[in-house]
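Data block below; observations after.
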Amino acid sequence: MGRLRVLSGVQPTGALHLGNWLGAIRNWVDLQKSHETFFCVVDLHAITSPHNADQLSKDSLSTAAQYIACGIDPSECTIFIQSHVKAHSELCWLLNCVTPLNWLERMIQYKEKSIKLGDNVSVGLLDYPVLMAADILLYDADLVPVGEDQKQHLELARDIAQQRINARFGSEEKPILKTPKPMILKEGSRIMSLTDGRTKMSKSAENDSSRINLLDPPDLIKKKIKRAKTDAHLGLEFGNPERPEADNLLGIYAILTGQNNDSVKSECSQMGWGKFKPLLTDATISALEPIQLRYKDLIDNPEELHKVLQEGREKAESAAEGTLQRVRNALGFLSI
Ligand code: ADP
Ligand code: TRP
């Protein structure tokens, strides 16, 4: 048996934040030795909401550099830019034509984003999950490591593969597409905002102080943590629904210092916020320091990065090609 195949991606919408790292990319790093891994920068997804054309290519390169800086090793994994592999757009179209519209209209992320965008909602935003299904299904991925918020999109990808392609155009013995499984690690799968412990940390939140970006300088990290929302209770605790900020910040501290919750509990339960915040600040700065140093090295040498992405594109294209052909054949296209 070969190694199980893993695929995941993040949008190149500016700097990645702690949630992206702790909820997604950190898990990718753990998988790269034991699994066959494909990690893409999903730039086609980035244009589903209004975007800045002057910034897109820079952000794509910077995101790829942040993957590597976080420990994704190009000699173990295939790292590539989604739009460089044309099969993503083509498979997306084929899947569009078999996916019921109402499956997309009920996607939570679509509903949330479309409220924010008002008149600016594009067809692409509605179609976002089908493009994501194409990303995953093209590579016959077994596992897809993502944060909790992406679970519904994963279920859609499974339903499209099973109900709309395999059941209609294939047979049980000869499925056309592999059905992927989500891989959601409990710890870190939902890092919450610094300014409101009830909403998730997100790139799209307007207030930059609500998140810690992987490339934030130490001073800024200090400032953001200092201003982070707290409460008036004595001591610190996990799991109290009345105290989402305490749960979130202690959880981040646990992950960044490599401790389990029990050991953080015994270290911090008697502390006040004034004592805890500097500890969290130090832990965050030291965890991010090696990432920032490596990032600087990479981004100062774009030729090296371009080479990694060129090789990634070739490997991804050759892996995607067979699947696309299988779907084209199953759907009855003429091939000459
Ligand atoms: P954002 O919501 O900030 O725009 P993305 O949707 O691009 O981030 O998410 C990229 C990856 O990071 C996904 O796998 C997602 O599940 C994960 N992720 C995003 N935000 C968080 C968070 N706050 N906590 C944990 N994981 C997250
Ligand atoms: N929708 C994902 C997110 O916002 C990004 C993404 C696009 C993705 N294609 C993917 C994640 C394929 C995993 C696999 O996080």
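Counting starts at 1 for both ligands and their atoms, in listed order.
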**Prompt:** Which atoms of ligand 1 are found less than 4.0 Å from any heavy atom of S202?
**Reply:** 1 (P), 2 (O), 3 (O)
**Asked** Between E148 and R190, is there a side-chain N and carboxylate O pair less than 4.0 Å apart?
**Response** no
**Residues in ring-ring contact (aromatic ring centres under 6.0 Å, His included) contact with W28, at least two apart in sequence or another chain** = F39, Y67
**Identity and separation of the nearest protein heavy atom to atom 23 (N) of ligand 1** = I191 O, 2.7 Å
**Request:** With R313 as the cation and F80 as the aromatic partner, state whether NZ or CZ is under 6.0 Å from the six-membered ring centre and within 45° of the axis.
**Result:** no
**Prompt:** So does D216 pair up with K224, basic N to acidic O under 4.0 Å?
**Reply:** yes
**Prompt:** Nearest protein heavy-atom contact for atom 26 (N) of ligand 1: which residue, which atom, what distance?
**Reply:** G19 O, 3.1 Å
**Asked** Can you find an N/O atom of A24 closer than 3.5 Å to an N/O atom of ligand 1?
**Response** no
**Item:** Partners meeting ring-ring contact (aromatic ring centres under 6.0 Å, His included) with F238 (sequence neighbours left out)
**Value:** none
**Prompt:** Hey, is the main chain of D297 close enough, under 3.5 Å, to the side chain of N301 for a donor-acceptor pair?
**Reply:** yes
Quiz: residues 168-181 side-chain donor-acceptor pairs under 3.5 angstrom, not counting sequence neighbours:
{"residue": "S171", "atom": "OG", "partner": "K174", "partner atom": "N", "Å": "3.1"}
{"residue": "K178", "atom": "NZ", "partner": "D142", "partner atom": "OD1", "Å": "2.9"}

**Shortest protein contact, atom 16 (O) of ligand 1 (heavy atom only)** = D149 OD1, 2.6 Å
**Request:** Give the numbers and elements of all ligand 1 atoms closer than 4.0 Å to a heavy atom of G147.
**Result:** 14 (O), 15 (C), 16 (O)
**Atoms in ligand 1 flagged as close to Q150, the criterion being non-hydrogen separation under 4.0 Å** = 16 (O)
**Request:** Distance to 0.1 Å, residue and atom name: give those for the protein heavy atom nearest to atom 12 (O) of ligand 1.
**Result:** N20 ND2, 3.1 Å
**Asked** Looking only at side chains, do S263 and E267 share a donor and an acceptor under 3.5 Å apart?
**Response** no
**Request:** Verify the ring-centre separation between Y110 and H153: is it less than 6.0 angstrom?
**Result:** no
**Whether Q109 lies under 4.0 Å from ligand 1, heavy atom** = no
Between the protein and ligand 2, which nitrogen or oxygen pairs come in under 3.5 Å, and how far apart is each?
{"residue": "ligand 2", "atom": "1 (N)", "partner": "Y128", "partner atom": "OH", "Å": "2.7"}
{"residue": "ligand 2", "atom": "1 (N)", "partner": "Q150", "partner atom": "OE1", "Å": "2.9"}
{"residue": "ligand 2", "atom": "4 (O)", "partner": "Y128", "partner atom": "OH", "Å": "2.9"}
{"residue": "ligand 2", "atom": "4 (O)", "partner": "Q150", "partner atom": "NE2", "Å": "3.3"}
{"residue": "ligand 2", "atom": "9 (N)", "partner": "D135", "partner atom": "OD2", "Å": "2.6"}

**Request:** For the residue pair Q325 and E321, confirm or rule out a side-chain donor-acceptor distance under 3.5 Å.
**Result:** no
**Salt bridge flag under 4.0 Å for residues D247 and R243** = no
**Message:** Show the atoms of ligand 1 that are less than 4.0 angstrom away from any heavy atom in G23.
**Reply:** 25 (C), 26 (N)
**Request:** Could you check which of M192, K203, K200 puts a non-hydrogen atom nearest to atom 2 (O) of ligand 1?
**Result:** K200
**Message:** Can you report which non-hydrogen protein atom sits closest to atom 25 (C) of ligand 1, along with the distance?
**Reply:** S189 O, 3.1 Å
**Message:** Polar contacts were defined as any N/O atom of the residue lying under 3.5 Å from an N/O atom of the ligand; does this apply to E148 and ligand 1?
**Reply:** no
**Prompt:** Any luck finding a side-chain donor-acceptor pair between N248 and E245 under 3.5 Å?
**Reply:** no
